[in-house]
Amino acid sequence: MLELRLVQGSLLKKVLDAIKDLVTDANFDCSESGFSLQAMDSSHVALVALLLRSDGFEHYRCDRNLSMGMNLTNMSKMLKCAGNDDIITIKADDGGDSVTFMFESPSQDKVSDFEMKLMDIDSEHLGIPETEYHAIVKMPSAEFARICRDLSTIGDTVVISVSKDGVKFSTSGDIGSANVVCRQNNSVDNKDNETVIEMNEPVSLTFALRYLNSFTKATTLSNTVTLSMSKELPVVVEYKIAEIGHIRFYLAPKIED
Amino acid sequence: RETQTRMDSYYHFS
């Protein structure tokens with residue numbers, strides 16, 4: 001049997017908001033180490049990998065590895081019924097065909113349970129090896145979201161170039177073109193406002209803004225975002241989830257014919 | 001022209 005109690009239930013609500021438009025159905029995998037998910041969008045251009053480590057839950061019981069297929073639209077509907085301050089407990093029986101979400105108000109005066117039917121989903125996991133990336137940019141997540149949103153009003157794709165001068169986001173479209181350069185800065189009072197660039201080699205890659213904009217729905221999960229890039233590899237856009245894990249989005253680049 | 005690549009051209013199913 002499975003019983004996972006997450007005191008900060010709003011994290012799960014935010015995770016669903018961040019991925020439900022990218023992925024329709026997904027298997028949530030539960031093991032001793034944590035609650036995780038790996039899924040691709042329908043066109044196999046983007047991949048999302050979520051990890052909520054077991055030690056981030058107040059109570060974590062998972063007797064044996066369990067993979068639960070869920071429709072994320074339906075899961076999101078149910079989690080929307082939880083208050084932002086609610087404690088969320090996920091419960092399932094081994095081999096059962098449903099999962100129960102229990103919501104408790106902080107003062108324990110209201111308890112709800114919502115049972116959702118599980119579905120069979122062919123589990124296809126991509127093996128993603130640990131990689132040394134050529135360039136890693138850490139920047140405020142709101143700034144990254146702003147840049148993606150602004151540039152998508154001009155063009156459909158963005159060229160992200162990392163050099164010793166900074167990280168440059170460039171686009172062009174019918175009405176004109178735009179470049180945004182963020183330089184490394186060190187914020188004394190607030191680390192979350194820093195832009196930090198670690199670069200072994202300059203990198204320049206082209207991506208569809210539509211997907212990057214979708215990833216920025218995770219902005220509410222973290223004040224900072226990390227972009228890891230290497231030549232001829234998908235970019236990794238990572239949002240840390242405080243004390244408990246991360247959500248990583250991988251996006252395959254566009255290449256010149 | 002640019003072509004959109006797919007995840008499975010970089011990583012393989014495990």
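Quick caveat: nothing in here was measured; it's all calculated off a predicted structure. Residue numbering restarts at 1 for every chain, and letters A, B, ... go by the order of the sequence lines. Computation of the quantities below employed the complete heavy-atom set of this structure, encompassing side-chain atoms and omitting hydrogens, waters and symmetry-equivalent molecules.
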Contacts of residues 154-163 of chain A with chain B (heavy atom under 4.5 Å): A/T157
Quick check on B/Y10 against chain A: is it the side chain, the backbone, both or neither that has a heavy atom closer than 4.5 Å? side chain
Hey, which residues of residues 49-56 of chain A are touching chain B, say heavy atoms under 4.5 Å apart? none
Output yes when a side-chain donor or acceptor of B/T3 lies under 3.5 Å from a complementary backbone atom of A/D257, and no otherwise. no
Residues of residues 202-211 of chain A within contact distance of chain B, non-hydrogen under 4.5 Å: A/T206, A/A208
Nearest atoms (heavy-atom pairs only) where B/T5 meets A/P253: OG1-O, 2.5 Å
Determine whether more than 12 heavy atoms belonging to other residues, nucleotides or ligands lie under 6.0 Å from atom CG of A/N179. yes
Which residues from residues 36-47 of chain A are near chain B, with near meaning under 4.5 Å between non-hydrogen atoms? A/M40, A/S43, A/H44, A/V45, A/A46, A/L47
Which heavy-atom pair separates B/Y11 from A/G127 by the least distance, and what is that distance? CB-O, 3.5 Å
Greatest number of heavy atom pairs closer than 4.5 Å to chain A - which of B/R6, B/M7, B/E2: B/M7
